[in-house]
Amino acid sequence: MRSRREVLAYLAAGAVAAGGVSGCAATGAKRGPSGTLTLATAKDLNSFAPADALDAHYVQFYQPVYDALLSIAPDGGYQPALATSWAYDESLTVLRMTLREGVTFHDGRPFDGAAVAANLSATKKGTGTAASAFGSLRTVKVHSPHRVDLILSEPDPGLVHQLGGPGAMMASPAALGRPGLKTTPVGTGPYVLDPKGTTATVQYSFVRNPAYWNRAAYPYDRIVLVFIADPTARVNAVRSGQVDGTFGDPLNAGVARDAGLTVTTSPGPGFQGLFLFDREGRLAPELGDVRVRRAVNHALDREGIVKIMADGKGRPTSQVFNPQSTAADLSLDHTYPYDPGRARDLLADAGHPHGFTLRVPQPLNYPNVAPVLGQLLGDVGITVDYVDLPSQTVQDQYLAGRYPVVYWQLQSSEPWQAVNFLGTTESGWNPLHASDPDITAQIAKVRAVGGAAQTAAYHELDRLYVEKAWFAPVFFPDAVYFSSPSVKVTPQSLQIVPSIQNFSPAT
């Protein structure tokens with residue numbers, strides 16, 4: 001059995017082996033002329049159609065060409081965009097919106113209420129992140145070209161946030177549903193796609209939309225996005241001047257600073273940890289006992305993992321609501337301190353004094369985590385039997401309910417979105433559909449109220465998730481961004497990368 005110091009030393013050795021920066025150069029776009037902003041992305045575009053849109057890394061692809069109904073400011077507040085005002089009625093089931101006048105799509109068609117209705121209907125039927133998030137939207141009633149009501153089947157505490165995201169970005173109704181929209185966006189945004197400067201899977205180039213209604217908010221004449229999957233290559237691309245900025249690995253932050261780059265750190269949008277899918281013990285009977293799930297939580301050295309695996313850039317946690325949101329009860333963060341002895345006692349009380357074996361998919365997106373989890377859980381008697389999965393199908397297999405536990409990072413920046421993603425009986429990230437009557441009743445309370453009463457309801461829901469050990473969260477990683485000194489970058493609250501409008505030339 002290893003001491004905490006030995007475990008940290010073990011973690012450090014693995015991190016050093018994985019964190020070095022090689023001298024390889026990035027491939028892709030060369031730097032453009034003055035007035036061009038070139039960014040490296042960690043993910044490649046899936047589709048330009050808003051109905052297929054994903055969040056997190058993908059937002060930078062959509063923001064040049066589309067406007068959403070609302071804009072989310074760097075501090076997380078909501079601002080007018082294509083909608084200039086919005087307000088709920090007393091029932092919280094009708095959101096009345098006034099739309100901006102004089103806006104046209106790239107194809108010359110006017111933006112109006114009919115376009116809002118068509119786009120939100122397409123998003124609900126789409127494959128993107130927001131499809132389920134608009135589940136409560138029953139219909140859009142168009143009163144005039146510039147006045148609409150969003151009518152809900154029941155109150156939806158997360159709807160306003162979704163109206164500032166990719167799912168509420170507006171495409172020309174003439175392009176909706178057509179295959180061409182996946183590769184050729186037709187929005188109202190500040191830029192239009194430049195086909196001559198675009199090669200799918202390599203780079204995407206955008207030039208100014210001369211008819212844009214808010215040109216002053218975007219100082220660059222051209223935006224170029226270069227897809228570079230390897231984190232080391234992305235750092236070197238910024239160091240060599242090939243790109244102006246990129247998503248950063250915390251373990252490379254020191255190297256980036258030494259190279260004269262600017263390192264911007266901000267609270268990230270989601271948590272990493274173990275998703276204990278099998279809360280009813282269907283695949284792993286041991287996990288049906290809350291004492292076992294609590295033992296898993298006590299086995300995790302959260303502070304050590306953050307220090308070694310993320311260079312200290314993150315917040316250890318025992319709860320899943322983002323600490324920047326009012327839903328999070330921060331007093332719950334230390335409910336499960338690292339205590340292997342307590343974990344072993346809980347396992348013995350549950351009838352497993354000699355431990356048990358747990359089948360877990362290899363955490364492919366986080367390869368350095370595998371030996372860490374194996375060591376920490378093994379120290380309390382839980383043998384981790386890792387299963388290799390094809391990288392291209394890993395998430396589909398997670399969500400098919402074939403494994404009792406997976407390690408993943410999932411966004412939880414907006415609390416109602418988090419509840420729908422992972423915390424209800426029907427959530428996608430609850431693939432075995434575990435249910436709990438107390439949790440179900442508390443979710444209904446959150447939905448039914450607003451203001452301070454809703455915050456209190458969220459805190460109680462947070463407590464139930466923690467006490468019943470529905471999850472074994474580890475930490476909220478910080479969002480880290482590397483950029484050239486020639487660029488000023490403002491971090492976007494609870495977003496993994498800054499928004500396009502958050503970049504400007506340094507003065």
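Model, not experiment: these values are computed from the prediction.
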A.B. asks: Backbone N or O of A328 within a donor-acceptor pair of the D462 side chain at under 3.5 Å?
C.D. replies: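 Such a contact is absent between D462 side chain and A328 backbone.
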A.B. asks: Test salt bridge (charged side-chain N to carboxylate O under 4.0 Å, His left out) on D52 and K182; report intermediate values, then the result.
C.D. replies: CA-CA 8 Å; D52 302 330; K182 294 178 180 292; 2.6 Å; yes
A.B. asks: L39 and I500: side-chain contact (heavy atoms from CB on, under 4.5 Å), yes or no, with the steps?
C.D. replies: CA-CA 10 Å; L39 306 176; I500 291 295; 4.0 Å; yes
A.B. asks: Is the distance between the ring centroids of F503 and Y481 less than 6.0 Å?
C.D. replies: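 Under 6.0 Å, so yes.
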A.B. asks: Any donor-acceptor pair under 3.5 Å linking the side chain of Y204 with the backbone of G197?
C.D. replies: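 Absent.
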A.B. asks: Going by side chain to side chain contact (heavy atoms under 4.5 Å, CB included), name the residues that satisfy it together with D436, two or more places apart in sequence or in a different chain.
C.D. replies: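 Counting only residues at least two positions away or on another chain, D436 forms a side chain to side chain contact (heavy atoms under 4.5 Å, CB included) with D438, I439, K468, W470.
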A.B. asks: Applying side-chain hydrogen bond (donor to acceptor under 3.5 Å, both in side chains), which residue pairs with at least one partner in residues 146-166 are found, sequence neighbours left out?
C.D. replies: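 Counting only pairs at least two positions apart or across chains, the side-chain hydrogen bond (donor to acceptor under 3.5 Å, both in side chains) contacts touching residues 146-166 are Y78-H161, S136-D156, H143-D149, R147-D149, E154-R447, D156-W416.
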A.B. asks: For residues Y465 and F471, establish whether the separation of their ring centroids is below 6.0 Å.
C.D. replies: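 Between F471 and Y465, which both carry aromatic rings, the centre distance is below 6.0 Å.
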A.B. asks: Taking the six-membered ring of W213 as reference, does the cationic atom of R100 (NZ for Lys, CZ for Arg) lie under 6.0 Å from its centre and within 45° of its axis?
C.D. replies: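 The answer is yes, since R100 meets both limits relative to W213.
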A.B. asks: For the residue pair Q272 and Y407, confirm or rule out a side-chain donor-acceptor distance under 3.5 Å.
C.D. replies: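 Judged by distance alone, the side chains do pair up.
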A.B. asks: Walk me through whether N322 and L494 qualify under side-chain contact (heavy atoms from CB on, under 4.5 Å).
C.D. replies: CA-CA 8 Å; N322 197 289; L494 302 181; 3.2 Å; yes
A.B. asks: Take T104 and R109, measure what side chain to side chain donor-acceptor pair (under 3.5 Å) needs, and give me the verdict at the end.
C.D. replies: CA-CA 6 Å; T104 58; R109 290 174 171 80; over 6 Å; no
A.B. asks: Considering only heavy atoms from C-beta outward, does the side chain of F206 approach that of R222 to under 4.5 Å?
C.D. replies: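 When only atoms from C-beta onward are counted, R222 and F206 do not touch, as no gap falls below 4.5 Å.
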A.B. asks: Can R279 and N430 be counted as having a side-chain donor-acceptor contact under 3.5 angstrom?
C.D. replies: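 Side-chain D/A pair, R279 to N430: present.
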A.B. asks: Measure from the side-chain N and O atoms of N502 to the backbone N and O of A73, and report whether any donor-acceptor pair falls under 3.5 Å.
C.D. replies: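 No, the answer is negative, given that no donor and acceptor are paired below the 3.5 Å cut-off.
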A.B. asks: Would the distance check show the side chain of Q362 and the main-chain N or O of V387 forming a donor-acceptor pair, the cut-off being under 3.5 Å?
C.D. replies: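 It does not hold such a pair.
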A.B. asks: Are the side chains of L70 and M97 in contact, using a 4.5 Å heavy-atom criterion?
C.D. replies: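 In contact.
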A.B. asks: Taking 4.0 angstrom as the limit, do D194 and K196 come out as a salt bridge?
C.D. replies: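 A salt bridge is absent here (no side-chain N lies under 4.0 Å from a carboxylate O).
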A.B. asks: Could you tell me whether a side-chain N or O of S427 sits under 3.5 Å from a main-chain N or O of W429, the two making a donor and an acceptor?
C.D. replies: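 No, the answer is negative, given that no donor and acceptor are paired below the 3.5 Å cut-off.
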A.B. asks: Working to the nearest 0.5 Å, report the span between CE of M309 and CG of N368.
C.D. replies: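 One finds 4.0 Å between CE of M309 and CG of N368.
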A.B. asks: Does Q60 reach the main-chain N or O of P498 with its side chain, forming a donor-acceptor pair under 3.5 Å?
C.D. replies: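 Yes; judged by distance alone, with no hydrogens or angles, the pair exists.
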A.B. asks: Answer yes or no: does atom NZ of K488 have more than 12 heavy-atom neighbours from other residues, nucleotides or ligands under 6.0 Å?
C.D. replies: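 Atom NZ in K488 is not crowded, with 12 or fewer foreign heavy atoms closer than 6.0 Å.
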A.B. asks: Do Q409 and P477 come close enough that some side-chain heavy atom pair is under 4.5 Å?
C.D. replies: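 Yes, close enough: below the 4.5 Å cut-off.
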A.B. asks: Mind checking whether R293 and L287 have side chains closer than 4.5 Å, heavy atoms only?
C.D. replies: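 They are in contact (side-chain heavy atoms under 4.5 Å apart), so the answer is yes.
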A.B. asks: Between Q492 and V497 (side chain of the first, backbone of the second, donor and acceptor by atom type, cut-off under 3.5 Å), is there such a pair?
C.D. replies: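 Not confirmed, Q492 side chain does not pair with V497 backbone.
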A.B. asks: State yes or no: are the ring centers of F271 and F475 separated by less than 6.0 Å?
C.D. replies: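 Judged by ring-centre distance (under 6.0 Å), F271 and F475 do not meet the cut-off.
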A.B. asks: Quick one: does R234's side chain have a donor or acceptor within less than 3.5 Å of a partner on T41's backbone?
C.D. replies: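 Not confirmed, R234 side chain does not pair with T41 backbone.
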A.B. asks: For D333 and S318, which I'm curious about, is there any donor-acceptor pair between the side chains at under 3.5 Å?
C.D. replies: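 No, S318 and D333 have no side-chain donor paired with an acceptor closer than 3.5 Å.
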A.B. asks: State, to 0.1 Å, how close L92 and L152 come at their nearest heavy-atom pair, and which atoms those are.
C.D. replies: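 Residues L92 and L152, closest heavy atoms: O-CD1, 3.9 Å.
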A.B. asks: What I'd like to find out is whether the side chain of V296 reaches to under 4.5 Å of the side chain of L274, using heavy atoms alone.
C.D. replies: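 Sidechains of L274 and V296: in contact.
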A.B. asks: Assess whether side-chain contact (heavy atoms from CB on, under 4.5 Å) is satisfied between W86 and V160, documenting all intermediate values.
C.D. replies: CA-CA 9 Å; W86 57 94; V160 170; 4.2 Å; yes
A.B. asks: Could I get the full list of salt bridge (Lys or Arg N to Asp or Glu O under 4.0 Å) partners for K141, not counting sequence neighbours?
C.D. replies: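 Expected list: none.
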A.B. asks: Roughly how far, to the nearest 0.5 Å, is CG of L300 from CG of L373?
C.D. replies: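 So the gap between those two atoms works out to 7.0 Å.
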A.B. asks: Could you tell me whether a side-chain N or O of E280 sits under 3.5 Å from a main-chain N or O of S435, the two making a donor and an acceptor?
C.D. replies: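 Yes: the side chain of E280 pairs with the backbone of S435.
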A.B. asks: Indicate the atoms forming the closest heavy-atom contact of I228 with A233, along with that distance.
C.D. replies: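 The pair with the smallest heavy-atom distance is CG2-CB, 3.6 Å.
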A.B. asks: Could you go through the side-chain contact (heavy atoms from CB on, under 4.5 Å) check for V140 and I151 one step at a time?
C.D. replies: CA-CA 6 Å; V140 177; I151 299 175; over 6 Å; no
A.B. asks: First locate atom CZ of F247, then atom NZ of K43, and finally report the distance between them rounded to the nearest 0.5 Å.
C.D. replies: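 With rounding to 0.5 Å, CZ (F247) is 9.0 Å from NZ (K43).
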A.B. asks: Looking at the rings of Y403 and Y398, which for Trp means the six-membered one, are their centres under 6.0 Å apart?
C.D. replies: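 No, the ring centres sit 6.0 Å or more apart.
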A.B. asks: Going by distance alone, is a donor N or O of one side chain under 3.5 Å from an acceptor N or O of the other, for D75 and S493?
C.D. replies: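 Note: D75 and S493 side chains miss the donor-acceptor criterion.
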A.B. asks: Please find the pair of heavy atoms, one from S71 and one from A81, that lie closest to each other, and give the distance.
C.D. replies: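 Taking every non-hydrogen atom into account, N-CB, 3.7 Å.
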A.B. asks: If you look at every heavy atom in F321 and P415, which pair is closest and at what distance?
C.D. replies: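 Minimum heavy-atom separation between F321 and P415: CE2-O, 3.7 Å.
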A.B. asks: With rounding to the nearest 0.5 angstrom, report the CG to CZ distance, L389 to R402.
C.D. replies: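 Those atoms lie 9.0 Å apart.
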A.B. asks: Write down the atom of L176, the atom of A122, and the distance for their closest heavy-atom approach.
C.D. replies: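 Nearest heavy atoms, L176 then A122: CD2-CB, 4.3 Å.
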A.B. asks: How long is the span from the CG atom in L225 to the OG1 atom in T38, to the nearest 0.5 Å?
C.D. replies: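 L225 atom CG to T38 atom OG1 measures 8.5 Å (nearest 0.5 Å).
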A.B. asks: Just by distance, do the side chain of S499 and the backbone of Q501 share a donor-acceptor pair under 3.5 Å?
C.D. replies: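 No, because the side chain of S499 does not come within donor-acceptor range (under 3.5 Å) of the backbone of Q501.
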A.B. asks: What is the distance from atom OG1 of T246 to atom CG of N252, rounded to the nearest 0.5 Å?
C.D. replies: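 The CG atom of N252 is 10.5 Å from OG1 of T246, to the nearest 0.5 Å.
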A.B. asks: Going by atom types only, do Q397 and T393 share a side-chain donor-acceptor pair under 3.5 Å?
C.D. replies: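 Per modelled atom types, Q397 and T393 side chains form a pair under 3.5 Å.
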A.B. asks: Is it true that R302 and N297 share a donor-acceptor pair across their side chains at a distance under 3.5 Å?
C.D. replies: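 Side-chain D/A pair, N297 to R302: present.
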A.B. asks: Taking atom types as modelled, find out whether D244 and Y220 have a side-chain donor-acceptor pair closer than 3.5 angstrom.
C.D. replies: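 Side chains of D244 and Y220: no pair found under 3.5 Å.
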A.B. asks: Kindly determine whether N119 and Y66 satisfy side chain to side chain donor-acceptor pair (under 3.5 Å), including the steps that lead there.
C.D. replies: CA-CA 12 Å; N119 272 272; Y66 292 113; over 6 Å; no
A.B. asks: Using only heavy-atom distances, determine whether the side chains of T98 and S85 contain a donor-acceptor pair under 3.5 Å.
C.D. replies: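 Side-chain D/A pair, T98 to S85: present.
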A.B. asks: Which atom names give the shortest non-hydrogen contact between T188 and H106, and what distance separates them?
C.D. replies: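 Looks like C-NE2, 3.7 Å.
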